[in-house]
Every structure is written in C-alpha cells, then in structure tokens.
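Below, read A as the first sequence line, B as the second, and so on, with proteins coming before strands; counting in each chain starts at 1.
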Amino acid sequence: DEVFPVVVNTWPFTNATKTAWNVLNNGGSALDAVEQGCKQCEIDQCDGTVGFGGSPDENGETTLDAMIMDGVTHDVGSVADLRRIKDAISVARSVMEHSSHTLIAGESATNYAIEMGFKEESLSTNHSKKIWEDWKNKNCQPNYRRNVSPDANKSCGPYKPTKSLRAATHKNKEPRFSKDISITNHD
Amino acid sequence: TIGMVVVDGNGNLAGGTSTNGANHKVPGRVGDSPIAGAGAYVDNDVGGAAATGDGDVMMRFLPSYQAVESMRQGMDPTSAAQDAIKRIIRFYPQFSGALVAITKSGSYGAACHGFGTFHYSVRNRNMQNVTVEEVPC
C-alpha cells in the first residue's frame with residue numbers, strides 16, 4: 001500500500017526528519033524537504049558529524065560535503081571539501097540548479113558559493129579546536145596515513161612514503177585503518 | 001552524516017546527504033556523501049537509498065545505487081540494503097556502515113554492520129510523530 005509522503009533518514013536525527021515533514025505538509029517538494037531537512041542537521045550540528053564545528057582534519061579545519069539528487073530528472077548537485085561555508089546542502093542544490101555540473105570541490109567550491117550569495121565564515125568552533133588539540137597531544141592518533149615515515153601509528157607528520165612499498169605484497173602492506181569509525185565519527 | 005530520502009505527496013523522490021566527514025582526515029579527503037550512488041541515490045521508478053558509515057569504503061561499492069537496483073529487480077528494501085552491505089563486508093569485514101532504503105510506494109528498511117544497533121528516523125502519513133526505528137547489525 002502506498003503510504004507517502006515519507007521521510008526517512010540515517011540516524012535518529014528526528015529534528016531533521018520533522019523539518020522535512022513540515023516542508024512537505026506546507027506544499028514543498030521532495031527536493032525542498034531534503035534540502036531543509038539536511039540543513040536543519042547542519043544547523044543542529046547533528047552528533048558533531050554534520051555541519052560546522054565538527055570532524056576537524058589534520059590541520060584542524062572543518063570542511064563539508066553534501067549532495068542532492070532529483071529522482072524525477074536524475075539531476076544531481078554536489079559539493080566536496082567545501083571550506084568556510086556553512087550551508088553545504090544549499091550550495092549543492094545551487095550547483096544542481098545554477099550549473100550544468102554535478103560536483104564542485106575545494107576552494108573553488110567556496111568561490112562558487114560566495115558568487116552565488118552564500119556567506120563566508122569560519123567553520124571552526126571551540127569544540128572543534130579542542131578535538132584537534134587533543135588529537136595532536138595524542139601524537140596524532142588515530143591516523144589515516146599508512147605506509148609512511150615516520151610511522152603514522154606513533155607520530156605526527158610531516159610524512160614521506162615508505163620507499164619499499166612498491167615491492168610489498170598485498171599481505172605485508174599495512175592494513176587499511178577504519179577502527180575509529182563510530183556513531184560519532186562517520187560519513 | 002545525515003542521508004535522507006523523501007517521497008513527496010505526488011510520489012516524487014529526492015535524496016541528499018550532508019556531512020563534515022571523518023575526524024582527523026587527511027586534508028582534501030572526500031567521502032562517499034557527495035557521490036551519487038554512494039551517499040544516496042533515488043530513481044522515481046523504483047525508490048531510493050542513503051548510506052552512512054566509513055565513506056572511504058562505501059564510495060568503492062556504490063551501495064545506495066546497488067540497493068535501488070536490487071529493489072528494481074524485486075527485492076524488498078531490507079533485503080536490498082542487506083545485500084549491498086554484504087557486498088562490502090566480503091572485502092572489508094571490519095567495515096562499519098549502514099544503509100536505509102525505501103520504495104517509491106513508501107515501504108522502507110535498513111541494514112548495518114559494525115555499529116551494534118543502528119537507529120534511523122522515519123515519518124509517514126500513518127505515524128503521529130517521527131519514529132526512530134532500530135535494526136541489529
């Protein structure tokens with residue numbers, strides 16, 4: 001039996017679901033609901049995994065990725081490694097609606113967003129700075145680098161590639177690190 | 001990350017994701033979220049799916065696309081999500097991630113691996129409020 005409209009999202013981010021539902025109830029489209037629902041999570045900084053002030057990179061900077069897809073037309077808009085712009089999902093929708101591209105990344109995505117009227121501001125917070133400082137104080141652990149010198153399992157960078165890697169077999173390469181993926185650290 | 005799929009009152013679908021990625025990532029690293037077919041995927045003729053977890057792995061398997069294509073072949077959403085996850089853990093048994101899937105008529109399901117229990121949010125016209133569902137991994 002058909003039970004739409006329906007909103008479903010990963011994780012118990014109920015405020016985002018509620019926002020999307022309200023958009024539908026007010027006559028908005030599925031695209032409107034997805035944009036506003038995800039935007040709510042960006043505002044709420046859901047679990048620290050969405051929006052500004054979370055998941056700092058090795059340099060302590062928070063960057064954002066977002067994507068929106070239209071099931072009717074197969075249109076897609078995405079931004080990746082977006083810097084200093086909070087409204088990632090809305091920039092993604094802008095890419096879909098105001099360009100013929102699918103994905104814009106990095107500093108150029110920031111420039112695109114500014115050109116389209118989005119506000120440039122820092123994505124760091126005292127919380128994200130603390131996360132980064134704690135990581136640095138723990139010798140940069142955990143760490144996604146591998147097959148590098150100095151040993152990324154013990155030391156901070158800068159790193160250089162291990163010279164003998166190309167002669168290594170599949171078995172003696174360092175295994176892929178993913179132990180730190182959890183409810184509060186994920187894509 | 002949030003990954004979301006919506007079927008509106010006209011039966012039209014949209015999907016999306018938003019994330020700040022993994023803690024302590026190498027600068028410039030991008031996960032699965034902004035990749036269509038990986039972070040999310042929708043097709044009005046079938047349904048949609050959205051993924052969450054270890055994006056470096058998920059973007060190698062396009063699990064959202066896989067789940068939608070499995071539903072196109074007749075699988076229910078839960079089975080489609082489970083199948084997409086199984087294809088990942090065959091290569092990466094330590095993988096942590098989850099997938100939600102929904103058909104164009106509004107039936108939904110989820111599957112996960114490595115999280116213990118995975119919780120996700122749903123609202124449809126038969127519910128009075130947003131409901132948090134859970135699935136064992």
From OG1 (A:T73) to CG (B:N44), nearest 0.5 Å: 9.0 Å
Shortest non-hydrogen contact from A:M67 toward B:A36: CE-CA, 3.8 Å
Residue A:A20 versus chain B: region with a heavy atom under 4.5 Å: side chain
Atom group of A:L24 that falls short of 4.5 Å from chain B, counting heavy atoms: side chain
Heavy-atom pair count under 4.5 Å with chain A, highest-scoring of B:G53, B:A50, B:G9, B:A22: B:G53
Donor-acceptor pair between B:T52 and A:W11 side chains, under 3.5 angstrom: yes
Straight-line distance of B:K25 NZ to A:D57 CG, nearest 0.5 Å: 5.5 Å
Residue pair A:E58 / B:H24: nearest heavy atoms and the distance that separates them: CG-O, 3.6 Å
Under 3.5 Å donor-acceptor, B:N124 side chain and A:F4 backbone: no
Interchain contact, A:L123 with chain B, by part (heavy-atom threshold 4.5 Å): neither
Student check: side-chain heavy atoms of B:V132 and A:T14 closer than 4.5 Å: yes
Separation between CD1 of A:I181 and CZ of B:F95, rounded to the nearest 0.5 Å: 9.0 Å
Option in A:A88, A:C46, A:G51 with maximal non-hydrogen atom pairs under 4.5 Å from chain B: A:G51
Which portion of A:C38 sits near chain B, non-hydrogen atoms under 4.5 angstrom: both
Proximity breakdown for B:V30 and chain A, heavy-atom pairs closer than 4.5 Å: both
Choice from B:N12, B:L99, B:T131 maximising heavy atom contacts with chain A below 4.5 Å: B:N12
Per-residue contact mode, B:V7 against chain A (heavy atom under 4.5 angstrom): both
Heavy-atom pairs under 4.5 Å with chain B, option from A:G48, A:G77, A:G157 with the top count: A:G48
Interface residue of largest heavy-atom contact number with chain A, from B:V122, B:I102, B:T17, under 4.5 Å: B:T17
Between CG on residue A:N9 and OG on residue B:S121, distance to nearest 0.5 Å: 4.5 Å
Segment of A:A16 engaging chain B (4.5 angstrom heavy-atom cut-off): both
Side chain / backbone / both / neither for A:V76 at chain B, heavy atoms under 4.5 Å: side chain
Region of B:A98 in contact with chain A, defined by heavy-atom distances below 4.5 Å: neither
Sub-4.5 Å side-chain heavy-atom contact between B:Y120 and A:V8: yes
Chain B contact via A:S29 - side chain, backbone, both or neither, heavy atoms under 4.5 Å: both
Chain A contact via B:I2 - which portion, at a heavy-atom distance below 4.5 Å: both
Chain A contacts, top residue of B:G11, B:G97, B:G39 (heavy-atom pairs, under 4.5 Å): B:G11
Spacing of B:N23 atom CG and A:N185 atom CG [to the nearest 0.5 Å]: 4.5 Å
Residue pair A:V79 / B:P34: nearest heavy atoms and the distance that separates them: O-CB, 3.5 Å
Lys/Arg N to Asp/Glu carboxylate O, B:R29 vs A:D187, below 4.0 Å: yes
same_hphob_cluster(A:V72, A:V6) at 4.5 Å side-chain heavy-atom cutoff: no
From A:S182 atom OG to B:D54 atom CG, the distance as rounded to the nearest 0.5 Å: 11.0 Å
Under 4.5 Å from a heavy atom of chain B, the part of A:L103 involved: side chain
Whether A:H186 side chain and B:T1 backbone form a donor-acceptor pair below 3.5 Å: yes
Closest heavy-atom pair and its distance - A:W21, B:R125: CH2-N, 3.5 Å
CA sep, side-chain torsions, deciding dist, call: A:H74, B:Y41, ring pair (Phe, Tyr, Trp, His ring centres under 6.0 Å): CA-CA 9 Å; A:H74 225 75; B:Y41 190 76; 5.4 Å; yes
Considering all heavy atoms, the nearest A:S55-B:G21 contact: OG-O, 3.1 Å
Non-hydrogen side-chain atoms of B:F118 and A:I183 separated by less than 4.5 Å: no
